[in-house]
Structure formats: C-alpha cells, structure tokens
**Q** 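One structure, as structure tokens, below. Some questions next.
Both ligands and their constituent atoms are indexed starting at 1 by order of listing. The first residue of the sequence shown is numbered 1, and numbering continues consecutively from there.
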Amino acid sequence: MLRLFFGTTNPGKLRELRRLVAGLPVVVVSPDDLGRAVPEVEEDGATFQANAEKKASAWARWSGLHTLADDSGLCVDALGGAPGVHSARWSDLGGGGPASPVCELAGAAEAELGPVAGRAARDERNNDKLLASLGGVEDARRGSEYEAVLSLARPDGGIEASVTGVCRGRIGHARRGTGGFGYDPLFVPEAELARAAREPGRPARTMAELSAEEKDALSHRGAAFRQILPVLARLAGARRP
Ligand SMILES: O=c1[nH]c(=O)c2ncn([C@@H]3O[C@H](COP(=O)(O)OP(=O)(O)OP(=O)(O)O)[C@@H](O)[C@H]3O)c2[nH]1
Ligand SMILES: [Mg+2]
C-alpha cells in the first residue's frame, strides 16, 4: 500500500484526485489528515510543470511521503493563452501584469472571508473577468484549453514523474451548472459540443453540468492522471501491503 501525500490548498482538486486513485493500492494523505496546512510555495514558475514540480518537491520533503502536486489552469486562445499559470488569482492581477497592491487587499478580503468562502469569491471574480474579457467575442473565437500537470516527487524531493493532460473546449456566455470548481461553469468541453451536434435538442453542457464521473473521463486532470497511474501502480506494487 502506498501512502501518497496530495499537496494542495484546493479542495476541488483533492476531491477529484481521491476519486481518480480509488481502486489503486494507494492511501491518499491530505494536509488535513496531517493536521497541518501545507507550507506556502511561491508559484513563480513560467509553466504549469515548473510550478507542479516545485510544489511536489517542497511538499514531499516537508511530509516525508511520496507526494503528488497539480498545477493547472485555463488558457484562452483569444487572450493569447491567458490566464494560464495565473488562473487561480487572475482577478487579483492588475492589467495582466504582476500582482498589484490591490491583490494584497483582495488577499486580505480572502483572509477575512476564510479559505473556503474566500476561494469561492475569488473564483466568481475570475469568472466575471473571463466573461468581461470575452465580451462580444463570437463562439468561433472562444476556444480554450484546460491544462493540468501532475508531478510525483519521492520523499527526498526528487521528481519521479511529471505528466500533462489537456482538455479543449469553448468559453460559454453565461455560467451553467454547480459541479466541479473554478471556471467549470463557463467551460464547455469539445466532446460536449460534438455530442450536441449529433443530438439536436440536447444542448452542450458545461464542465459544471457534468457528473463527477463524466468530468473525470473528459478533464485535463483525468487525462494527466491516467498517464501517471502506471507509475503509482508500480510504486504501490513495490510496497509491502
Ligand atoms: O474550473 C476549473 N476546473 C478545473 O478542473 C480546474 N483546474 C484548474 N483550474 C483553475 O486553475 C487554478 C489552478 O491554480 P493552481 O494550480 O495554482 O491551484 P490552486 O492554487 O487552486 O491550488 P494549489 O494546488 O496550487 O494549492 C484553479 O484555482 C482554477 O481557477 C480549474 N478550474
Ligand atoms: Mg496554486
């Protein structure tokens, strides 16, 4: 049985990764299970992989366990790939530049609201900014891509593997659905657009309208996980039960 620390401050990611490892001889250990918040890791990498490997390595050394970390985000074609690695705090950023002093205030607001409500409020601000940034842009130019990099680090902090999953889709014009998290109410996966074209009368659904299992089958996180699954199975198989 492999004890796998999943380092994240994002409950939506933790929910999805717990689902994805079910059936593997893996015990997921979360920051709450350790009774300690993960130490803040400055995500200053230019790529999702750089950030995922930095988080995995830092949190593996801190926890003393094999550690999986995820860095992910939304890349919108018409915005030149933004928000990308800035997806989590996009609405706190001034005009796309480095975090402005305003974001400190936003951070303070988040502290006042507490982590869960603070994150939900930030996600809403991110979605407002996404709709405003794409105001007047027609469907044909609302293409986008979710990207997730999962990095697995050994307890000494060395990186065992990093994998990337992507999911193409289109940004909708209004929020729909309550599932998933973050940008999901605005992200319509290409697979849904293709199905709706075959089944007139059943409109394409957003990621937030899909069941958990449907999202896992389509999502960038599910695609990345299916690539790292053999590595986890090998490590788990090599352990005593
Ligand atoms: O609707 C969404 N469905 C998804 O499936 C998804 N995956 C990523 N994202 C967005 O990208 C940010 C990641 O930023 P991120 O990788 O830095 O994570 P985070 O800061 O939330 O937690 P941590 O893992 O770093 O502790 C998140 O906050 C979200 O806004 C998603 N949005
Ligand atoms: Mg983060």
**Q** Using a strict 4.0 Å threshold on nitrogen-to-oxygen distance, state whether R18 and D33 make a salt bridge.
**A**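 Salt bridge: yes.
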
**Q** How far is atom 7 (N) of ligand 1 from its nearest protein heavy atom, and which residue and atom name does that atom have?
**A**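 Its nearest protein heavy-atom neighbour is R221 NH2, 2.8 Å.
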
**Q** Under a heavy-atom criterion of less than 4.0 Å, does K55 contact ligand 1?
**A**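 It does, in that a heavy atom of K55 comes within the 4.0 Å cut-off of ligand 1.
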
**Q** Any atom of ligand 1 sitting under 4.0 Å from a heavy atom of D71?
**A**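 D71: in contact with ligand 1 (<4.0 Å).
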
**Q** If you measure every N or O of N10 against every N or O of ligand 1, does any of those distances drop under 3.5 Å?
**A**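 Yes, at least one N or O pair falls under 3.5 Å.
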
**Q** Using distance alone, decide if ligand 1 has a nitrogen or oxygen within less than 3.5 Å of any nitrogen or oxygen in D184.
**A**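 By distance alone, the answer is yes.
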
**Q** Run down the list S87, P31, G179, S72 and name the one with the heavy atom closest to atom 13 (C) of ligand 1.
**A**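 Shortest heavy-atom distance from atom 13 (C) of ligand 1: S72.
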
**Q** Would you call R175-D184 a salt bridge at under 4.0 Å N-O?
**A**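 Looking at D184 together with R175, the answer is no, because their closest N to O distance does not fall below 4.0 Å.
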
**Q** At a 4.0 Å cut-off, with the gap strictly under it, does some heavy atom of R89 reach an atom of ligand 1?
**A**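 No; R89 lies far enough from ligand 1 that no heavy-atom distance drops under 4.0 Å.
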
**Q** Considering non-hydrogen atoms of the protein only, which is the closest contact for atom 20 (O) of ligand 1, and what is the distance?
**A**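 Of every protein heavy atom, A88 CB, 3.8 Å lies nearest to atom 20 (O) of ligand 1.
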
**Q** Got an N/O contact under 3.5 Å between R119 and ligand 1?
**A**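 It does: an N or O of R119 is found under 3.5 Å from an N or O of ligand 1.
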
**Q** Taking the minimum heavy-atom distance to atom 19 (P) of ligand 1, which of E16, M207, H220, K13 ranks first?
**A**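 The option holding the nearest heavy atom is K13.
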
**Q** Between R142 and D77, does at least one N-O distance fall below 4.0 Å, as a salt bridge requires?
**A**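 Answer for the salt bridge query: no.
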
**Q** I'd like to know if the side chain of D92 pairs up with that of H86 as donor and acceptor (distance under 3.5 Å, no hydrogens or angles considered).
**A**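 Their side chains do not contain a donor-acceptor pair, so the 3.5 Å distance test is not met.
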
**Q** Restricting to ring pair (Phe, Tyr, Trp, His ring centres under 6.0 Å), what partner residues turn up for Y146, sequence neighbours left out?
**A**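 For Y146 the ring pair (Phe, Tyr, Trp, His ring centres under 6.0 Å) partners, ignoring immediate neighbours, are F187, H220.
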
**Q** Which residue and non-hydrogen atom of the protein lie closest to atom 32 (N) of ligand 1, and at what distance in Å?
**A**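 The closest one turns out to be Y183 N, 3.4 Å.
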
**Q** Check the surroundings of atom CD in E40: do more than 12 heavy atoms from other residues, nucleotides or ligands lie under 6.0 Å from it?
**A**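 For E40, atom CD is not crowded (no more than 12 foreign heavy atoms under 6.0 Å).
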
**Q** Salt-bridge test for E43 and K54: reply yes if a basic N is under 4.0 Å from a carboxylate O, no otherwise.
**A**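 K54 and E43: not salt-bridged.
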
**Q** With a heavy-atom distance limit of 4.0 Å, tell me whether F181 approaches ligand 1 through its side chain, its backbone, both, or neither.
**A**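 It is both backbone and side chain that touch ligand 1.
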
**Q** May I ask you to test the L235-L152 pair for a side-chain heavy-atom distance under 4.5 Å?
**A**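 In short, these two side chains touch, coming nearer than 4.5 Å.
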
**Q** Check all N, O or S atoms of E43 and name the one closest to the Mg ion (ligand 2).
**A**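 Among the N, O or S atoms of E43, the one closest to the Mg ion (ligand 2) is OE2.
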
**Q** With the 4.5 Å side-chain cut-off for hydrophobic clustering, are V38 and V149 part of the same group?
**A**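 No.
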
**Q** For K215, counting its heavy atoms only, list the atoms of ligand 1 lying under 4.0 Å from any of them.
**A**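 With K215 as reference, the close atoms of ligand 1 come out as 3 (N), 4 (C), 5 (O).
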
